[in-house]
Amino acid sequence: MKLSAALFVVAVAQDSNPGDAKMAEYKQDFVDFDLNKDDLIDAQEIRTQFQGDLDPKELHQFFIDCDKDDSGTVTLQEYIDYAITLS
């Protein structure tokens, strides 16, 4: 499943106090990006999903904003926390 950069931003930028439906959407977005199903999203998985349609600076900024423990990967909780702040 290929997601556009705009769709990715919209998918995570909806609501500062998400309800059950929004949380389910965030979790599904995460699962869709976690290609190797290790419960982490890494830069390669994001690059693969966007197939070159994501500027390297945007990818770098995403990890600066989202990867709070500087592990080089994004957990589901980090992703949800990031998504909530975008609204």
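In this text, all values refer to a predicted model and were calculated from it rather than measured experimentally. Along the sequence shown, residues are numbered consecutively beginning with 1.
Smallest separation of non-hydrogen atoms from Lys37 and Val31: NZ-O, 3.0 Å. Closest non-hydrogen pair, Phe30 versus Val74, comes out as CE1-O, 3.4 Å.
With sequence neighbours excluded, the residues satisfying side chain to side chain contact (heavy atoms under 4.5 Å, CB included) with Ile80 are Met23, Tyr26, Lys27, Leu76, Gln77, Ile84. When the side-chain hydrogen bond (donor to acceptor under 3.5 Å, both in side chains) test is applied to Gln44, the partners found at least two apart in sequence or on another chain are Arg47, Thr48. Residues meeting the side chain to side chain contact (heavy atoms under 4.5 Å, CB included) test with Asn36, sequence neighbours left out: Asp34, Asp38, Glu45. Residues that satisfy the side-chain hydrogen bond (donor to acceptor under 3.5 Å, both in side chains) test with Asp67, not counting sequence neighbours, are Ser71. In this structure Asp55 satisfies the side-chain hydrogen bond (donor to acceptor under 3.5 Å, both in side chains) test with no other residue, sequence neighbours excluded. Listed by chain and number, the residues in a side-chain hydrogen bond (donor to acceptor under 3.5 Å, both in side chains) with Asp39 amount to none (sequence neighbours excluded).
The hydrophobic clustering, which links ILVMFWY residues whose side-chain heavy atoms are closer than 4.5 Å, places Leu86 and Leu59 together. Put simply, Leu35 and Phe62 are part of two different groups of oily side chains (I, L, V, M, F, W, Y) that touch within less than 4.5 Å, one to the next.
To the nearest 0.5 Å, atoms NZ (Lys22) and CD (Glu25) are separated by 3.5 Å. From Ile46, atom CD1 reaches atom CZ of Phe33 across 6.5 Å, with rounding to the nearest 0.5 Å.
Under the 3.5 Å distance criterion, the side-chain polar atoms of Gln49 are matched with a main-chain donor or acceptor of Asp32.
Aromatic rings from Tyr82 and Phe63 are positioned such that their centres are separated by 6.0 Å or more.
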Stepwise, does the side chain to side chain contact (heavy atoms under 4.5 Å, CB included) test hold for Lys68 with Thr75?
CA-CA 9 Å; Lys68 294 304 180 188; Thr75 66; over 6 Å; no
